[in-house]
A.B. asks: 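Before we start, here is the structure in question, set down as structure tokens.
In this chain, numbering begins with 1 at the start of the sequence shown.
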Amino acid sequence: MELIQLAVGNLMRARARLIMTAGGVLVGTAAVILLVAITIGLQTAAEAGIGNNASLTEMDVYPAYNPNIPYEDMPQMNIDAVRAFRRIPNVLAVIPSANLNGGGEIIAGDYNGYGSVIGVDVSLLPYMGISAEQGELALGEGQVLIGPEVAKNFYDPDAEEWTPVEVDLFTTPLKMRIYQWSGENPANQTIKLNVAGILAPGSSYDYYVIMPIQDVIEYNEWTDGTEFDPETFTFGRVTVRARDRETTNEVATAIRELGYEVSGMADFLNQLNQFFGTMRLMLGGVGGVALLVAAFGVANTMTMAILERTKEIGLMKAIGASDRDVMTIFLVEAALVGFSGGAAGVGLSFFIQNLVNTALQNAPQGEGGINFLPIDPSQLQGNLFVIPPELTLFAVLLATAVGIGAGLLPALRAARMLPVLALKSE
């Protein structure tokens, strides 16, 4: 404690030098904090643009293509695969779906349109991340759920020019024409569709017509001319939903180990995080250069202090101070220079954060507003700079470490001085 008090007293004797040296550390610390903070703010805004909904835990699974393996030997999307996916830890639901093979021409009054028709297990509807904007989220025999984008894909077959027409599919009577491709004389039949609900936009089923999987299997038996065989049946699409966003990567890795490929919003989010992680390292490195420059200033200050206090060092040793005591005093002085500069840099960073974020909150939005940022400014919600507590703690510790590192050689030099030579110096 006495050595620390002596070090503080020595610094107070040269306040101007302390302020200038600590100022360099201040600038370096503030640069590190603000450059990292802006990447955190942009990443947070980008993630907010994606959302935190069920799509972030959803992944589509499909066979991994390998040119060296025959197709029949590749892992298939069959019933056994679905069972294997369900056994993976942290899997909330596995949602297999069957594609309608005989087309999907939809007739809505005087207009014709198309939609991708799939069949799902009705009991899995609560796990699909969908909700009904009109009607109800339910599927009975002969009923369908329709994605919101399907309504925009209609046209008038009697018109001379093709023009897209949007149809109210909830109130318009619907029929679907399916085609039989087997046999010498292809046939078709028209099926009445009872719309149970129109899905709310924003899910991965916006362009789909969903019906009970048993209905699709029966229609495929007619279109293909073959009976359903559970041993050879393969699903057109399998969606796996993890329990939460944090376990999505773990589930995806386990699926890949089974020989399948995975895609989805979670993969995009991982790529986004990797991009911002790289940006954070690069910009943090730029700020680190400013701290490196400040380290030379600390080293220079400590060297000058030793030259000015050579006789004082000799006197300390003459009255019994050990090399370790002298070294400790100078290292404490260097650490205090780094700490004071780091603490001041944190304060400056918070001041700039509040200044910039407040300006963004009060700036006009939309046309005529902010247009120099790589994302929609409204997603920032006035938080371009985000400084988490751990970043401030890291910055202060880094600044202190830089001070100690810069003062190490001068402190060693002071500790190794011979008392006689030190007292003789002019």
A.B. asks: I want to check something: taking the side chain as every heavy atom from C-beta on, are Val251 and Arg243 in contact at a cut-off of under 4.5 Å?
C.D. replies: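 No, too far: nothing below the 4.5 Å cut-off.
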
A.B. asks: Less than 3.5 Å apart, which donor and acceptor atoms pair up between the side chains of residues 394-403 and the rest of the protein, not counting sequence neighbours?
C.D. replies:
from   : atom 1 : to     : atom 2 : distance (Å)
Thr400 : OG1    : Val396 : O      : 2.8

A.B. asks: Can you list everything that forms a side-chain hydrogen bond (donor to acceptor under 3.5 Å, both in side chains) with Ser322? Sequence neighbours excluded, please.
C.D. replies: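 Asp325.
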
A.B. asks: Answer yes or no: is there a side-chain heavy-atom contact under 4.5 Å between Leu199 and Leu137?
C.D. replies: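 SC-SC contact between Leu199 and Leu137 confirmed.
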
A.B. asks: Counting only pairs under 3.5 Å, give me each side-chain donor-acceptor contact of residues 347-355, with atom names and distances, residues two or more places apart or in other chains.
C.D. replies:
from   : atom 1 : to     : atom 2 : distance (Å)
Ser349 : OG     : Gly345 : O      : 2.8
Gln353 : NE2    : Phe385 : O      : 3.1
Asn354 : ND2    : Phe350 : O      : 3.2

A.B. asks: Do any N or O atoms from the side chain of Asn357 and from the backbone of Leu384 form a donor-acceptor pair under 3.5 angstrom?
C.D. replies: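 Yes, because the side chain of Asn357 sits within donor-acceptor range (under 3.5 Å) of the backbone of Leu384.
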
A.B. asks: What are the two closest non-hydrogen atoms of Phe233 and Ala98, and how far apart are they?
C.D. replies: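 Heavy-atom minimum between the residues: CZ-CB, 3.9 Å.
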
A.B. asks: Would a 4.5 Å heavy-atom cut-off, applied to side chains only, mark Phe85 and Met77 as touching?
C.D. replies: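 With C-beta onward as the side chain, the pair touches.
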
A.B. asks: Identify the heavy atoms of Pro212 and Gly140 that sit nearest to each other, and give their distance.
C.D. replies: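 Heavy atoms only, the tightest pair is CG-O, 3.5 Å.
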
A.B. asks: Please evaluate residues Leu145 and Leu125 with respect to the criterion side chain to side chain contact (heavy atoms under 4.5 Å, CB included), reporting the C-alpha separation (whole Å), side-chain torsions for both, the decisive distance (0.1 Å), and the verdict.
C.D. replies: CA-CA 10 Å; Leu145 295 169; Leu125 286 177; 4.0 Å; yes

A.B. asks: With sequence neighbours left out, what residues match Phe154 under ring-ring contact (aromatic ring centres under 6.0 Å, His included)?
C.D. replies: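 If we apply the ring-ring contact (aromatic ring centres under 6.0 Å, His included) test to Phe154, skipping adjacent residues, there are no hits.
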
A.B. asks: Working to the nearest 0.5 Å, report the span between CE of Met282 and CG of Leu35.
C.D. replies: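 Reported to 0.5 Å precision, the distance equals 11.5 Å.
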
A.B. asks: With side chains defined as the heavy atoms from C-beta onward, is the minimum distance between Pro96 and Ile79 less than 4.5 Å?
C.D. replies: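 Sidechains of Ile79 and Pro96: no contact.
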
A.B. asks: Minimum heavy-atom separation for Ala31 and Gly287, please, with both atom names.
C.D. replies: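 Taking every non-hydrogen atom into account, CB-CA, 4.0 Å.
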
A.B. asks: To the nearest 0.5 Å, how far apart are CD1 in Ile95 and CG in Leu124?
C.D. replies: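 It comes to 6.0 Å.
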
A.B. asks: Quick one: CG on Asn188 to OG1 on Thr223, what's the gap to the nearest 0.5 Å?
C.D. replies: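 Here the rounded value is 12.0 Å.
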
A.B. asks: For the residue pair Asp224 / Thr226, report whether a side-chain donor-acceptor contact shorter than 3.5 Å exists.
C.D. replies: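 Checked: Thr226/Asp224 side chains show no N/O donor-acceptor pair below 3.5 Å.
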
A.B. asks: What's the separation between atom CG in Leu193 and atom CG in Leu169, rounded to the nearest 0.5 Å?
C.D. replies: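 The distance works out to 10.0 Å.
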
A.B. asks: Output all residues satisfying side-chain contact (heavy atoms from CB on, under 4.5 Å) with Phe296, sequence neighbours left out; order by chain, then residue number.
C.D. replies: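 In terms of side-chain contact (heavy atoms from CB on, under 4.5 Å), with neighbours along the sequence ignored, Phe296 is linked to Leu292.
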
A.B. asks: Decide side chain to side chain contact (heavy atoms under 4.5 Å, CB included) for Thr29 and Leu291; before the verdict, give the C-alpha distance in whole Å, the side-chain angles of both, and the deciding distance to 0.1 Å.
C.D. replies: CA-CA 7 Å; Thr29 304; Leu291 267 180; 3.9 Å; yes

A.B. asks: Would you indicate whether Glu390, at its atom CD, is surrounded by more than 12 heavy atoms from other residues, nucleotides or ligands within a distance under 6.0 Å?
C.D. replies: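 Above 12, so yes.
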
A.B. asks: Got a salt bridge between Lys152 and Glu166, using NZ or NE/NH1/NH2 to carboxylate O under 4.0 Å?
C.D. replies: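 Result for this pair is no, no salt bridge flagged.
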
A.B. asks: With distance as the sole test, does Asp206 use its side chain to make a donor-acceptor pair with the main-chain N or O of Pro201 at under 3.5 Å?
C.D. replies: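 Flag not set: sc Asp206 to bb Pro201 has no pair under 3.5 Å.
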
A.B. asks: In this structure, are over 12 heavy atoms from other groups packed under 6.0 Å from Tyr219 atom OH?
C.D. replies: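 Result for OH/Tyr219: enclosed.
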
A.B. asks: To the nearest 0.5 Å, tell me how far Ile40 CD1 sits from Leu42 CG.
C.D. replies: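 Taking CD1 in Ile40 and CG in Leu42, the distance rounds to 10.5 Å.
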
A.B. asks: Can you name the nearest heavy-atom pair linking Ala108 to Leu174, along with the distance?
C.D. replies: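 What the structure gives for the nearest pair is CB-CD2, 3.4 Å.
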
A.B. asks: Taking the side chain as every heavy atom from C-beta outward, state whether Val94 and Val238 have any atom pair closer than 4.5 Å.
C.D. replies: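 Side chain of Val94 against side chain of Val238, heavy atoms only: contact under 4.5 Å found.
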
A.B. asks: Check the pair Ser204 / Arg237 against side chain to side chain contact (heavy atoms under 4.5 Å, CB included), numbers first and verdict last.
C.D. replies: CA-CA 12 Å; Ser204 58; Arg237 174 181 179 181; 3.3 Å; yes

A.B. asks: Hydrogens and angles aside, do Thr239 and Arg241 bring a side-chain donor and acceptor to less than 3.5 Å of each other?
C.D. replies: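 Their side chains do not contain a donor-acceptor pair, so the 3.5 Å distance test is not met.
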
A.B. asks: Give, for atom CE of Met327 and atom CG of Leu408, the distance between the pair rounded to the nearest 0.5 Å.
C.D. replies: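 With rounding to 0.5 Å, CE (Met327) is 5.0 Å from CG (Leu408).
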
A.B. asks: Kindly say whether Tyr62 contributes a backbone atom to a donor-acceptor pair with the side chain of Glu261 at under 3.5 angstrom?
C.D. replies: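 Between the backbone of Tyr62 and the side chain of Glu261 there is no qualifying donor-acceptor contact (under 3.5 Å).
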
A.B. asks: For Pro173, give me all partners under side-chain contact (heavy atoms from CB on, under 4.5 Å), at least two apart in sequence or on another chain.
C.D. replies: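 With neighbours one apart ignored, the set is empty.
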
A.B. asks: List in chain and number order the residues that pass side-chain contact (heavy atoms from CB on, under 4.5 Å) with Pro126, two or more places apart in sequence or in another chain; answer none if no residue qualifies.
C.D. replies: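 side-chain contact (heavy atoms from CB on, under 4.5 Å) check on Pro126 returns nothing, list empty.
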
A.B. asks: Is it the case that the side chain of Tyr260 and the backbone of Gln76 share a donor-acceptor pair, with hydrogens and angles ignored and the cut-off at 3.5 Å?
C.D. replies: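 Yes, because the side chain of Tyr260 sits within donor-acceptor range (under 3.5 Å) of the backbone of Gln76.
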
A.B. asks: I'd like a table of donor-acceptor pairs (distance under 3.5 Å, sequence neighbours excluded) in which one partner is a side-chain atom from residues 274-281, with atom names and distances.
C.D. replies:
from   : atom 1 : to     : atom 2 : distance (Å)
Thr278 : OG1    : Gln274 : O      : 3.0
Arg280 : NE     : Thr39  : OG1    : 3.1
Arg280 : NH2    : Gln43  : OE1    : 2.4

A.B. asks: What are the two closest heavy atoms between Val386 and Pro388, and how far apart are they?
C.D. replies: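 That would be O-CD, 3.3 Å.
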
A.B. asks: Is the shortest heavy-atom distance from the side chain of Asp121 to the side chain of Tyr127 under 4.5 Å?
C.D. replies: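 Side-chain contact under 4.5 Å: no.
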
A.B. asks: For residues Tyr208 and Val150, determine if any side-chain heavy atom of one lies less than 4.5 Å from a side-chain heavy atom of the other.
C.D. replies: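 They are not in contact (no side-chain heavy atoms under 4.5 Å apart), so the answer is no.
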
A.B. asks: Are there over 12 heavy-atom neighbours, none belonging to Tyr207, within less than 6.0 Å of that residue's OH?
C.D. replies: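 Count not over threshold, so no.
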
A.B. asks: Mind running side chain to side chain contact (heavy atoms under 4.5 Å, CB included) on Val209 and Leu100 for me, showing each step along the way?
C.D. replies: CA-CA 10 Å; Val209 177; Leu100 180 66; over 6 Å; no

A.B. asks: Applying side-chain hydrogen bond (donor to acceptor under 3.5 Å, both in side chains), name anything that partners Arg256, two or more places apart in sequence or on another chain.
C.D. replies: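 Residues passing side-chain hydrogen bond (donor to acceptor under 3.5 Å, both in side chains) with Arg256: Asp267.
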
A.B. asks: Does Asn99 have any side-chain hydrogen bond (donor to acceptor under 3.5 Å, both in side chains) partners at least two apart in sequence or in another chain, and if so, which?
C.D. replies: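 Not a single residue meets the side-chain hydrogen bond (donor to acceptor under 3.5 Å, both in side chains) criterion with Asn99.
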
A.B. asks: Could you tell me whether Asp110 atom CG has more than 12 heavy atoms of other residues or ligands within 6.0 Å of it?
C.D. replies: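 Not more than 12 within 6.0 Å, no.
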
A.B. asks: Using side-chain contact (heavy atoms from CB on, under 4.5 Å) as the criterion, list what pairs up with Ala344, not counting sequence neighbours.
C.D. replies: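 Testing Ala344 for side-chain contact (heavy atoms from CB on, under 4.5 Å), a comparison that skips the adjacent residues, returns Leu26.
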
A.B. asks: Do you know the tightest heavy-atom contact between Ala334 and Gly407?
C.D. replies: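 In this case the closest contact between Ala334 and Gly407 is CB-CA, 3.8 Å.
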
A.B. asks: Side-chain contact test, heavy atoms from C-beta onward, threshold under 4.5 Å: evaluate it for Leu139 versus Asp215 and give yes or no.
C.D. replies: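 Counting from C-beta outward, Leu139 and Asp215 never come under 4.5 Å.
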
A.B. asks: Mind checking side-chain hydrogen bond (donor to acceptor under 3.5 Å, both in side chains) for Asn90 and listing every partner two or more places apart, or none if nothing turns up?
C.D. replies: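 Per chain and number, Asn90 pairs via side-chain hydrogen bond (donor to acceptor under 3.5 Å, both in side chains) with Glu250.
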
A.B. asks: I'd like to know if the side chain of Glu105 pairs up with that of Tyr179 as donor and acceptor (distance under 3.5 Å, no hydrogens or angles considered).
C.D. replies: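 Glu105 vs Tyr179: donor-acceptor pair found between side chains.
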
